[in-house]
Amino acid sequence: MTMMTIVQAINQALESEMEKDERIILLGEDIGKNGGVFRVTDRLFEKFGERRVVDTPIAESAIIGAAVGMAARGLRPIAEIQFMGFVFEAMDQLVAQAARLRFRSGGTQTAPMVIRVPYGGGIRAPELHSDSLESVFAHSPGLKIVMPSSPYDAKGLLIAAMRDPDPVLFLEPMKLYRAFQEEVPEEEYTVEIGKANKLREGEDLTIITWGPPVYTVKAVAEKWWTEKGVSIEIIDLRTVAPLDIETIIASVEKTEHVIIVHEAVKTGGIGAEIAAVISEKALYSLAAPILRVAGYDTPYPTAMVEEEWLPNEKRINAAITAVLEE
Amino acid sequence: MWIEQNQLDIKTIKYIDEKGKALQTDISLSEQQLLEMYKGMVKARVFDVRAMKLQRQGRIGTYAPLQGQEAAQIGSAYATGEKDWIYPSYREIGVSIMKGMPMERLFMYTMGHLEGLAQHAANVFPVQIIIGAQYLHAVGGAWASQYQKEDSVAVAYIGDGGTSEGDFHEALNFAGVYKLPIVFVVQNNQWAISVPFEKQTASKTIAQKALAYGITGVRVDGNDVVAMYMTMKQAIEKAKAGEPVLIEAVTFRQGPHTTADDPTKYRLPDEESEWGEKDPLVRIKKYLTESGSWNEEKDQQLFDEMAELVTQAFTKAQSEEPSQLTDVFEHIYKEKTPQLVEQQVQAEGEKRP
């Protein structure tokens with residue numbers, strides 16, 4: 001075990017899989033000599049050479065489109081989109097090509113590839129650098145969407161994604177990249193895609209979340225327990241497509257109170273999907289309405305107001321009070 | 001110095017003129033090979049004419065005809081080897097036929113049969129609907145073949161309209177930077193639905209666009225099957241040596257864009273009759289007849305034979321079990337997600353009374 005940040009854990013996952021599997025090629029902007037703008041691919045160019053760590057021209061559609069072609073012909077490309085706001089340039093190749101290749105070829109062609117994208121706010125970045133766009137892609141059958149919140153999960157999920165037979169969108173929370181370290185095994189291991197992680201057992205309320213808000217929610221839950229004796233169960237989804245419905249429903253049936261916390265804008269978000277699934281499968285277990293604490297329905301705001309805009313402790317506390325008083 | 005396109009001297013490669021006379025002496029094709037190409041062209045034409053009729057009768061869905069482009073398609077496809085990969089748009093029916101795609105599959109595709117999506121020809125990527133998207137898949141395929149040291153070339157097809165899409169330019173740029181084994185074929189059929197070539201681009205030719213990306217470009221008479229074959233053969237050799245090539249095949253779409261389009265709204269009959277005289281089938285037939293290896297009787301026999309094959313293919317397509325709703329849940333992921341499993345059960349339940 002070694003103490004690692006998320007950046008280090010991802011770097012190690014890439015390195016160990018590349019050592020084992022010659023088919024893996026990294027491609028993206030500034031990922032080579034520069035090691036990526038967040039240094040996620042640091043030293044990989046030196047170790048594996050320009051054949052396997054490819055600094056591409058600035059062309060998002062080509063990065064994803066070429067990766068589709070490579071994957072279909074036996075390689076395992078790992079493509080990086082530098083910031084999530086730039087992913088729109090590659091929308092066709094992602095949702096209409098990569099996600100659908102298996103279907104539109106009647107199962108005779110596939111695109112096993114990983115698309116790594118840093119996302120999320122709270123780092124005072126310029127416009128189109130902080131958006132959380134997971135729900136945009138969750139509407140595209142054929143893609144899996146993985147969103148780790150810790151170094152351990154990041155490494156295990158990325159290795160699982162690289163070995164997955166389908167295209168996986170791997171979203172990396174920028175705010176957490178170097179926010180903390182935790183113990184991560186040196187050796188390879190996988191964390192199953194599509195399985196949520198119950199971070200904290202609780203009896204009174206379930207909070208479902210993923211990505212950066214996981215830590216805000218943890219802090220809030222600790223305070224409610226120590227100050228008021230309210231026990232909050234926390235589910236870190238880890239994968240938003242496919243959703244781990246089993247874990248969600250079991251928890252809802254136990255606690256009868258649900259809050260969903262996500263950074264992405266509220267309307268049409270994954271939170272809405274989860275609320276719908278709960279109403280389909282466990283409506284009569286509920287003792288209160290399901291509340292969402294999410295980004296507001298605006299473009300991601302400028303730095304001066306982002307902390308208020310994001311699901312912060314104050315907003316989560318207000319939701320908990322409302323749900324428990326119901 | 002200013003760089004202007006007027007400085008470029010771009011000639012069009014031509015081997016056989018409209019009267020069927022050879023213009024060049026280095027035609028390295030045997031009579032047998034010429035006949036095989038002609039047969040391929042006739043097969044594509046007969047399929048195409050029949051598909052148009054079947055669509056009008058409501059027996060198949062929307063269809064994008066290729067009539068007039070047989071030489072560009074068959075000549076280029078005939079020059080490819082078994083290991084080479086084809087990345088087609090929706091109009092490359094002739095290429096697919098030449099690469100061994102069973103015609104019943106092509107009918108099944110237009111009939112909306114799920115099984116019609118499955119690729120049953122060697123090394124042909126699924127038909128692309130999004131204009132230009134396949135150019136990048138071909139880049140990735142060529143990249144994979146370079147990386148894995150396979151002796152194969154990726155051949156990407158697009159129309160003149162497709163050259164306006166970003167993916168076209170990103171593909172040519174990548175191919176040039178990474179020296180990929182790829183041949184880009186543009187069938188410049190003069191019309192992108194209703195937009196004529198001169199409204200599509202201010203370039204005098206498509207071929208010259210290659211220069212901007214540091215790759216080789218060449219312009220060919222796309223209605224001359226011999227010129228298409230000879231150029232493609234050389235292009236494949238260059239591509240294998242790490243020199244990507246852009247081929248502009250100058251041709252004409254004689255029919256509508258698709259069965260849902262009416263070209264009389266945007267095209268003058270004069271243009272159609274002028275190009276009709278340059279019909280690619282007529283030209284090679286004249287050449288073959290001139291050389292003594294072909295005659296009207298054999299020609300009629302060939303058309304009859306192809307008509308019979310097309311009839312058989314359509315009959316076979318019709319006799320296939322229809323797709324069921326429950327089949328749509330296959331081939332989304334390698335393993336179905338819990339959501340898909342649940343929805344499939346629901347779909348099957350709803351089918352029952």
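Residue numbers start from 1 in every chain, and the chains themselves are labelled A, B, ... in the order their sequence lines are given, proteins ahead of strands. Every value quoted in this text rests on a predicted model; they were computed, and no experiment measured them. Both backbone and side-chain heavy atoms feed into the values below; hydrogens, waters and symmetry mates do not.
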Legend entry - Trace of the side chain to side chain donor-acceptor pair (under 3.5 Å) decision for B/Q128 with B/S89: CA-CA 5 Å; B/Q128 181 57 249; B/S89 82; over 6 Å; no

Inset, instruction - Heavy-atom pairs under 4.5 Å with chain B are the metric here; pick the option from A/P165, A/A72, A/G194, A/A71 that has the most. - result: A/P165

Legend entry - Residue A/T56 versus chain B: region with a heavy atom under 4.5 Å: both

Inset, instruction - Please determine, among B/I130, B/T337, B/V127, the option with the most heavy-atom pairs under 4.5 Å with chain A. - result: B/I130

Legend entry - Donor-acceptor pair between B/K209 and B/T201 side chains, under 3.5 angstrom: yes

Legend entry - Proximal component of A/A67, with respect to chain B [non-hydrogen, under 4.5 Å]: neither

Legend entry - Under 4.5 Å from a heavy atom of chain A, the part of B/E115 involved: neither

Legend entry - Interchain contact, B/Y87 with chain A, by part (heavy-atom threshold 4.5 Å): side chain

Inset, instruction - Give the member of A/R23, A/R100, A/R52 that has the highest number of heavy-atom pairs under 4.5 Å with chain B. - result: A/R52

Legend entry - Side chain, backbone, both or neither of B/A133 within contact of chain A (heavy atoms, under 4.5 Å): both

Inset, instruction - For the residue pair B/Y90 and B/H257, categorise the inter-ring angle as parallel (less than 30°), tilted (30 to 60°) or perpendicular (more than 60°). - result: perpendicular

Legend entry - Top of B/P126, B/A142, B/A138, B/A144 for chain A proximity - count of heavy-atom pairs under 4.5 angstrom: B/P126

Legend entry - Among the listed options A/I63, A/V68, A/V277, A/D92, the residue most often paired with chain B at heavy-atom distances under 4.5 Å: A/D92

Legend entry - A/R238/A/D153 salt bridge by N-O under 4.0 Å criterion: yes

Legend entry - Pairing of A/E50 and A/K33 as salt bridge, 4.0 angstrom limit: no

Legend entry - salt_bridge(A/K47, A/E15) N-O dist < 4.0 Å: yes

Inset, instruction - Could you tell me whether A/E17 and A/R76 make a salt bridge, using a distance below 4.0 angstrom between a side-chain N and a carboxylate O? - result: no

Legend entry - Under 4.5 Å from a heavy atom of chain B, the part of A/L143 involved: backbone

Inset, instruction - Specify which of A/T110, A/D244, A/L101, A/L27 makes the most heavy-atom pairs with chain B at under 4.5 Å. - result: A/L101

Legend entry - Ion pair B/K179/B/E243, N-O distance below 4.0 Å: no

Legend entry - Under 4.5 Å from a heavy atom of chain A, the part of B/F174 involved: side chain

Inset, instruction - Flag the one option from A/D164, A/D166, A/L243 with the top tally of heavy-atom pairs under 4.5 Å to chain B. - result: A/D166

Legend entry - Top contributor to chain B interface from A/E246, A/R51, A/Q109, A/E22 [non-hydrogen pairs under 4.5 Å]: A/R51

Inset, instruction - Examine B/F168 together with B/F184 and report whether their ring centres are nearer than 6.0 Å. - result: no

Legend entry - Electrostatic pair B/K99:B/E82 at N-O distance under 4.0 angstrom: no

Inset, instruction - Examine whether an atom of B/E342 lies under 4.5 Å from a heavy atom of chain A, and if so say whether it belongs to the side chain, the backbone or both; otherwise answer neither. - result: side chain

Legend entry - Segment of B/L340 engaging chain A (4.5 angstrom heavy-atom cut-off): neither

